[in-house]
Amino acid sequence: MKDYRKDFPLLSYYHEKGRGIAYLDNAATTQKPFSVLRAEEEFYTHKNANPHRGAYDLSMAATKVLEDVREKTKRWLNVPKDGEIIFTKNASESLNLVAYSYGMHAISAGDEILLAVSEHHSNLVPWQMVAKAKGAVLSYLYLDEEGRITAEEVKKKITDKTKLVAIAQVSNVTGCISPLEDIIGLAHKRDAVVVVDGTQGAPHLTVDLEKMDADFYAFSGHKMLGPMGIGILYGKKQHLESMPPFLYGGDMIEYVKEQSATFAPLPQKFEAGTQNMGSIAGFGAAIAYLEGVGMKKLQALEKELTGYLLEKLGNIPYVSIVGSSGPENRIGVVPFVIEGVHPHDVVTILNKDSVAIRAGNHCAQPLHAYLKVPATCRASVYLYNTRDDIDRLADSLKGVRRWLGYGA
Amino acid sequence: MELNELYSDIILEYSRSEAYRKPLKEPNRKERGVNPSCGDDIELELKIEDGIIKEIGLLGTGCAISQASASMMAELIEGKTTEEAGRLADTFIGMIQKTVSEEEKLETLEEARVFQNISNMPARVKCAVLSWHTLKEALEKK
């Protein structure tokens with residue numbers, strides 16, 4: 001089996017220093033392979049010029065990088081002909097773009113915006129803003145005892161007043177995959193628009209946007225081996241064309257007169273200012289890396305690791321997995337708590353053994369309030385993790401309660 | 001700061017203290033303090049009479065560090081004037097930010113001095129100062 005770890009300089013760096021990190025915080029951000037770092041360097045050493053501005057070779061080379069990565073993204077996600085890819089800073093910016101440019105115009109008083117209680121704040125707070133400004137109502141999909149959204153719950157909550165559904169493809173806290181087919185089908189029957197937060201989906205699942213039929217799909221490059229500072233927004237052109245720009249300024253205009261301006265066509269209309277070209281180049285290399293591995297292979301690897309993680313966590317005294325403890329229909333994001341120990345203390349103690357996981361409410365406070373836990377620990381795997389990383393997590397967890405003064 | 005210093009007996013003991021863990025009957029100040037990154041969420045209740053902090057209630061949940069720091073703070077400010085409590089808050093926050101280092105000032109913090117080295121653990125600083133910031137906000141809210 002290929003040793004993917006060798007491709008990740010950060011992992012090798014700490015390994016060689018004798019303090020190899022069991023990095024299990026991949027839902028927050030992933031490590032970057034050499035090829036991504038090299039692509040960024042390659043842009044700035046050989047192609048750096050402002051895309052779209054100059055008619056000289058260098059500027060055209062920069063423009064080519066921008067458009068090649070856009071095309072590569074479209075192929076990777078199977079973007080339909082009537083859809084477009086917009087580059088943003090991250091998923092949060094993508095979702096804000098939809099809230100401001102679509103939501104603030106399409107939503108009116110009395111309309112309902114339906115979202116899951118498990119949404120990340122970035123697909124929840126912008127909709128609160130829209131609802132408050134427009135006098136609309138936020139209505140929530142609640143979870144079953146396994147932490148899942150059921151088709152029955154969706155049927156119950158989508159009404160004739162539902163104008164927009166905001167839903168994560170995969171929850172960043174529970175790791176559970178949402179029943180998007182049911183949600184999008186039911187929403188479209190009522191002419192509601194569906195905004196999918198794919199941040200935890202795109203890095204792990206095979207995404208086919210033509211088949212999914214979402215109206216908008218947003219995610220971040222840095223959670224799928226890409227650099228920080230690059231986000232993606234997919235939208236159906238029928239929506240994007242009728243929406244006003246989100247940010248105004250350079251590169252997004254056609255003609256500017258003293259008192260008025262006309263705007264560039266898609267996608268430039270939504271890409272004001274100079275783009276983060278180094279990150280865009282790196283993002284292209286991240287897609288190439290994942291294509292090289294193959295999404296099927298990646299899923300098989302992750303499934304094996306997730307099963308092992310669930311099994312190990314399930315066998316440690318005082319540790320309880322929150323939500324589903326089964327390996328099906330989920331990704332390798334597993335929340336858990338230790339009896340009598342606050343998650344933040346757990347993470348500090350694990351850090352002593354160079355085991356990196358996340359504690360807190362993972363930008364999902366409404367979900368934690370719903371689950372009636374103030375915070376959780378969260379371990380999340382990616383393709384370069386090994387059983388050894390999970391063994392180190394388990395061993396370190398076994399010692400946690402002793403630090404807090406509990407008997408062994 | 002090493003782990004055994006962080007989870008010392010004194011911090012563990014204060015983190016489990018129930019001394020102030022009760023809602024007050026008639027608080028005249030209430031302030032919520034939240035540390036969103038870690039999930040600490042505390043509610044500080046005060047009963048102030050004639051400028052003196054007579055009673056303190058500490059509710060909510062949090063990690064061992066935030067809870068210990070809050071219990072120590074409560075013990076320290078009970079019976080003090082609001083001015084003295086405000087000064088102690090400034091001293092504590094100054095100690096963490098390393099802007100206060102005079103021995104005679106630090107002495108006024110008594111047990112809470114154990115957090116002096118927490119600035120070496122940036123991830124835990126917010127836990128230690130949460131209750132003190134909450135106190136300052138409560139005192140400023142006239």
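Because the structure is predicted, anything quoted here is derived from the model rather than measured. Each chain gets a letter, A, B and so on, in the order the sequences are listed, and its residues count up from 1.
Considering only heavy atoms from C-beta on, B:Asp40 comes within 4.5 Å of A:His342 through its side chain.
There is no contact between B:Ile11 and chain A, counting heavy-atom distances below 4.5 Å. In this structure, chain A has a heavy atom under 4.5 Å from the side chain of B:Leu12, while its backbone stays farther away. In this structure, no portion of A:Pro343 lies under 4.5 Å from any heavy atom of chain B. Contact of B:Asn4 with chain A is made through backbone and side chain together, with heavy-atom distances under 4.5 Å.
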Report the C-alpha distance between B:Tyr7 and A:Asp345 in whole Å, list the side-chain angles of each, state the deciding distance to 0.1 Å, and finish with yes or no for side-chain contact (heavy atoms from CB on, under 4.5 Å). CA-CA 9 Å; B:Tyr7 295 112; A:Asp345 295 313; 2.7 Å; yes

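Atom CD of B:Glu102 is surrounded by more than 12 heavy atoms from other residues, nucleotides or ligands within 6.0 Å. Within a 6.0 Å radius of NZ in B:Lys80, other residues, nucleotides and ligands contribute more than 12 heavy atoms. Crowding of A:Tyr100 atom OH: a count of heavy atoms from other residues, nucleotides or ligands under 6.0 Å not exceeding 12.
Your options are B:Glu13, B:Glu2, B:Arg16, B:Arg124, and the one with the most heavy-atom pairs under 4.5 Å with chain A is B:Arg124.
In plain terms, the two heavy atoms of B:Leu3 and A:Thr348 that are nearest each other are CD2-CG2, 3.7 Å.
The line from CG of B:Asp41 to CD of A:Gln365 is 8.0 Å long, rounded to the nearest 0.5 Å.
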